[in-house]
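The next block holds one structure in the form of structure tokens; read it before the comments.
Every number for a ligand or one of its atoms is a count from 1 in the order of the listing. Just so it is clear, the values below take in all heavy atoms, side chains as well, and ignore hydrogens, waters and symmetry mates.
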Amino acid sequence: MLEHAAADVPSRSGYSPFGSELTQGQTDHRDQIDYAPEVSSRPSSSFVPHRLLGPNQFLPDAALPAHRDTTLAYFAAAQQLAAQLTRALEAALQLPAGALECYMRSEQDDGYARMKAIRYPAGSAVDGTERKGEQGVGAHKDGGWLTLLATDTAKGLQVQLGTGEWVDVPHRPGCIVVNAGQQLERVSRGALVAATHRVRSEAGGQERYSVRRSGEARGVQVLMAVSLSIVALCALHFFPHRQVAFFSMPALSSVVEPLPESLLGNSGAKALEARKSDVPAQDLWGAAEEPFGAVAWRGISRSHPNVVQRWHTDVA
Ligand SMILES: O=C(O)CCC(=O)C(=O)O
Ligand SMILES: [Fe+2]
């Protein structure tokens with residue numbers, strides 16, 4: 001796996017070993033294989049976030065049969081589901097058709113997305129990395145739009161309620177967890193809440209796996225389980241020992257602005273202010289007129305400083 005290391009390419013797709021990721025400044029105890037949209041790199045673009053684009057590092061068929069084809073099929077299915085959910089959310093919030101979906105593409109870019117297959121080890125030390133504490137991944141809100149998370153049976157995923165209390169998110173066979181990200185929270189004026197969540201990974205506990213692709217939906221309701229057996233089964237079949245997380249995101253060049261108060265009112269924003277969270281409010285919200293790519297870049301710089309030090313010191 002080391003010859004497919006994420007740190008070896010500027011776009012950070014590939015394998016990230018244990019201990020290479022930080023959340024809230026602390027080491028996460030997990031390893032993962034990261035995927036981006038399968039597109040060419042754009043070395044001549046002056047827009048820095050375009051450095052996140054570039055082909056994936058798939059294993060050859062001899063090492064893992066159909067790795068490329070299966071991953072791309074799952075990626076496309078998850079992307080389609082995120083678009084369907086986005087349209088459903090427009091209807092639920094009584095917004096004009098396209099009011100949310102328009103951020104998922106722009107004239108310069110297709111919608112951005114990342115996906116990863118994650119493993120949380122049970123042992124006290126892995127790959128020579130000494131375990132410090134029980135952080136599988138520290139408390140955070142996903143930065144993008146909608147996250148689709150196919151979990152395995154081991155415990156560990158927790159969500160923080162608005163009261164500040166942490167509760168377990170149970171695994172349900174054949175279901176995926178849908179999570180709203182901070183861009184959706186911002187654009188919806190808090191009508192959709194980006195859930196604060198984390199994974200506890202205890203030494204001596206059960207090893208735990210997930211696959212995710214990102215984009216996100218609603219606070220505590222955040223974590224509504226959607227029956228999506230085909231996609232979830234495909235993920236668990238292909239990555240039997242990992243969780244799969246898919247993150248749908250706005251297009252890198254699109255500017256995500258709150259929708260007008262006349263469409264959504266202000267009660268969401270007020271409710272958001274009253275919620276307790278271990279993660280600062282508006283943690284990865286964009287500044288006025290800032291393209292989403294700049295926000296994504298801040299997230300990468302914070303979580304994967306090794307990649308920035310290796311490839312992007314000119315803009316660090
Ligand atoms: O593995 C999980 O259950 C959650 C992963 C997660 O929250 C993340 O990578 O953002
Ligand atoms: Fe997350």
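- Within the 4.5 Å cutoff, side-chain heavy atoms of Q183 are placed close to those of P250.
- Ring orientation note: the planes of F58 and H67 are nearly perpendicular, at an angle over 60° on the 30°/60° scale.
- Shown in contact with Y120 at under 4.0 Å from a heavy atom are these atoms of ligand 1, numbered in order with element: 1 (O), 2 (C), 4 (C), 5 (C).
- Counting the atoms of ligand 1 from 1 in the order shown, those under 4.0 Å from a heavy atom of H197 are 7 (O).
- Listed by number with element, the atoms of ligand 1 under 4.0 Å from a non-hydrogen atom of L157 are 3 (O).
- Counting heavy atoms under 4.0 Å from ligand 1, residue R30 touches it through the side chain alone.
- When only interatomic distances are considered, the shortest N/O to N/O separation between T151 and ligand 1 does not fall below 3.5 Å.
- Summarising the local packing, CD of E289 is surrounded by 12 or fewer heavy atoms from other residues, nucleotides or ligands at distances under 6.0 Å.
- Using modelled atom types and a 3.5 Å distance limit, the side chains of S277 and T196 yield a donor-acceptor pair.
- Note that R198 lies in the cation-pi zone of W166, set by a 6.0 Å cut-off to the ring centre and a 45° limit from the axis.
- Residue contacts with ligand 1, taken as heavy atom pairs separated by less than 4.0 Å, do not involve V177 at all.
- In this structure, F18 and D28 have side chains that are not in contact, with every pair of non-hydrogen atoms separated by 4.5 Å or more.
- At least one heavy atom of K116 sits closer than 4.0 Å to an atom of ligand 1.
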